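Below: one structure, written as structure tokens.
Being a predicted model, the structure only gives us computed values, none of them experimental. Just so you know, residue 1 is the first one in the sequence shown, and it goes up from there.
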Amino acid sequence: MNQSLLQKTERLMQAYQAGLLGGQKMPEHENPHLDRNSKENYMYFTLPMALNYQRNSYVLWECANRMYGDSEGRRLYDSAYVVKADYDEFREILVGFRVALQPNKQPEIWKRICVSVEEELDGDIRNLFLRNNYRVKDIKDYLSRNKKMFPYLCGNKICNYWLYVIEQYTDCNFSDRENITVAPDTHVIQASVKLGVITKQESQRSDVQSMTASRWRDLLRGTKWVPIDLHTPLWLWSRGGFSTEI
């Protein structure tokens, strides 16, 4: 069974590398192309990620990039500014650019993370990675212990995808990237059903996210891939309606 799944996985990866899965542009490609190692770049790929739930990811990142291109909006990526900013003005900008769709909850999430960066990480999100020796396991443990300080970033789905995006778009290199699981959103779950990694019945279970991540981790153990390598191919394949035969 595993051998059959691995063969399908190989074909999926080949299709992805050949550009056959409906395009390789992911939502986060919409960004201002800052210096990869800069604090600003790390914050750009952190704050909108915490609001990336129950919405179109492409639209979110288009809005995030548009806000960064505005002189007032750009300041909202600066944690020191956000902490001291007038809350109503800050919320008006965040909602006005449609980065926040929930006018009360989501600005609070954004500000809470900024406060945590200022108070816990000396104003620099990069210290989260540095102080945990660029180890995914330790970073996850830290976030798990401090859930209230980093709302939504600590969630199973968003955390793994955030770490993947940080790896892809900054200069961060994790020493144990195999501990970044697939980020089991709707598309990844649907693609996992299509491949036979989980069943359709299992996809309806309340623990489907952790189950999907666990199945991929077990399947890929000892192979040339780590779980997060499969995220983008699975996501694109599902979003494209499985038009490419695997």
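One hydrophobic cluster, built from ILVMFWY side chains closer than 4.5 Å, cannot hold both V83 and F150; they sit in different ones. In the hydrophobic clustering of this structure, Y142 does not group with V115; members are Ile, Leu, Val, Met, Phe, Trp, Tyr whose side-chain heavy atoms approach within less than 4.5 Å, directly or through other members. Linking ILVMFWY side-chain heavy atoms closer than 4.5 Å, directly or via other members, places I125 and Y81 in a single hydrophobic cluster. Hydrophobic clustering of Ile, Leu, Val, Met, Phe, Trp and Tyr side chains at less than 4.5 Å, counting indirect connections, unites Y16 with W225. L60 and V95 fall into different hydrophobic clusters, defined by Ile, Leu, Val, Met, Phe, Trp and Tyr side-chain heavy atoms under 4.5 Å apart, directly or through other members.
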Let's go through Y164 and E28 carefully: what are the C-alpha distance in whole Å and the side-chain angles of both, what is the deciding distance for side chain to side chain donor-acceptor pair (under 3.5 Å) to 0.1 Å, and is it a yes or a no?
CA-CA 11 Å; Y164 170 69; E28 307 78 29; over 6 Å; no

List the steps, then state whether salt bridge (Lys or Arg N to Asp or Glu O under 4.0 Å) holds for R215 with D218.
CA-CA 5 Å; R215 292 279 176 85; D218 292 344; over 6 Å; no

Stepwise side-chain contact (heavy atoms from CB on, under 4.5 Å) check, I93 with M67
CA-CA 8 Å; I93 295 171; M67 187 172 79; 4.2 Å; yes

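Within the structure, salt bridge (charged side-chain N to carboxylate O under 4.0 Å, His left out) pairs that include any residue of residues 117-133 comprise D122-R131, D124-R126 (at least two apart or interchain).
Side-chain atoms of W237 and T244 include no donor-acceptor pair closer than 3.5 Å. For the 3.5 Å distance criterion, the side chains of Y87 and E108 qualify, holding a donor opposite an acceptor. Side-chain atoms of T170 and N41 include no donor-acceptor pair closer than 3.5 Å. A side-chain donor-acceptor contact under 3.5 Å links W216 and S192.
Side-chain contact check for S79 versus L47: every heavy-atom pair is 4.5 Å or farther apart. When side chains are defined from C-beta on, L51 does not count as touching Y152, because their heavy atoms never get closer than 4.5 Å. The side-chain heavy atoms of F242 and Q190, taken from C-beta on, include a pair separated by under 4.5 Å. Counting only heavy atoms from C-beta outward, the side chains of I139 and N179 never approach each other to under 4.5 Å. Between M13 and L230 the shortest side-chain heavy-atom distance falls below 4.5 Å. For the pair N160/V136, no side-chain contact is recorded, criterion being any heavy-atom separation below 4.5 Å from C-beta on.
Interatomic distance, CD of Q3 versus CG of L6, reported as 5.5 Å (0.5 Å rounding). Here the straight-line distance linking atom CZ of R135 with atom CZ of F174 works out to 12.0 Å at 0.5 Å rounding. For the atom pair CD of Q102 and CD1 of I109, the computed distance is 7.0 Å after rounding to the nearest 0.5 Å. Separation of atoms CD (Q14) and CG (L21) is listed at 11.5 Å; rounding is to 0.5 Å. Separation of atoms CG (L220) and OG1 (T181) is listed at 11.0 Å; rounding is to 0.5 Å. Atoms CD1 and CD, from I246 and E10 in turn, are 11.0 Å apart once rounded to the nearest 0.5 Å.
Shortest non-hydrogen contact noted between A50 and P151 is CB-O, 3.9 Å. Residues L94 and P107 share a closest heavy-atom pair of CD2-CA, 3.7 Å. The two residues P184 and I189 have their closest heavy-atom pair at O-CD1, 3.5 Å. Pairing each heavy atom of V193 with each of S203, the nearest pair is CG2-CB, 3.7 Å. Residues C159 and L143 share a closest heavy-atom pair of SG-CD1, 3.9 Å.
Under the 4.0 Å criterion applied to side-chain N and carboxylate O atoms, D229 and R177 are assigned as salt-bridge partners. For D141 and K137, the salt-bridge test passes: some basic side-chain N is under 4.0 Å from an acidic carboxylate O. Salt-bridge formation is not detected for the pair D78/R75: no Lys NZ or Arg NE/NH1/NH2 atom is positioned less than 4.0 Å from an Asp or Glu carboxylate oxygen. A salt bridge links R91 to D88: at least one charged side-chain nitrogen sits closer than 4.0 Å to a carboxylate oxygen.
The closest donor-acceptor contact from the side chain of D86 to the backbone of E89 lies under 3.5 Å. The closest donor-acceptor contact from the side chain of N65 to the backbone of W61 lies at 3.5 Å or more, if one exists at all. Under a 3.5 Å cut-off, the side chain of D185 and the backbone N or O of V188 do form a donor-acceptor pair. Proximity of a side-chain donor or acceptor of S116 to a complementary backbone N or O of R112 within less than 3.5 Å is detected. Side-chain atoms of E178 never come within 3.5 Å of backbone atoms of V226 as a donor-acceptor pair (strictly under, hydrogens ignored). Here the side chain of N31 pairs a donor or acceptor atom with the backbone of H33 at under 3.5 angstrom. Between the side chain of N56 and the backbone N or O of V59 there is at least one donor-acceptor pair closer than 3.5 Å. Using a distance-only test at 3.5 Å, with no hydrogens or angles considered, a donor-acceptor pair links the side chain of T212 to the main chain of V208.
Within 6.0 Å of CZ on R98 lie no more than 12 heavy atoms contributed by other residues, nucleotides or ligands. More than 12 heavy atoms of other residues, nucleotides or ligands lie within 6.0 Å of NZ in K8, so this atom counts as buried by the packing criterion. In E92, the CD atom is not crowded: 12 or fewer heavy atoms of neighbouring residues, nucleotides or ligands sit closer than 6.0 Å. By the neighbour-count criterion of 12 heavy atoms within 6.0 Å, atom CG of N173 is sparsely surrounded, having that number or fewer from other residues, nucleotides or ligands.
Between Y77 and the options Y44, F97, Y42, a ring pair (Phe, Tyr, Trp, His ring centres under 6.0 Å) holds for only Y44. With respect to I198, the side chain to side chain contact (heavy atoms under 4.5 Å, CB included) criterion is satisfied by exactly one of K200, K194, E202: E202.
Under the 30°/60° scheme for interplanar angles, the aromatic rings of W235 and H187 are found to stand perpendicular.
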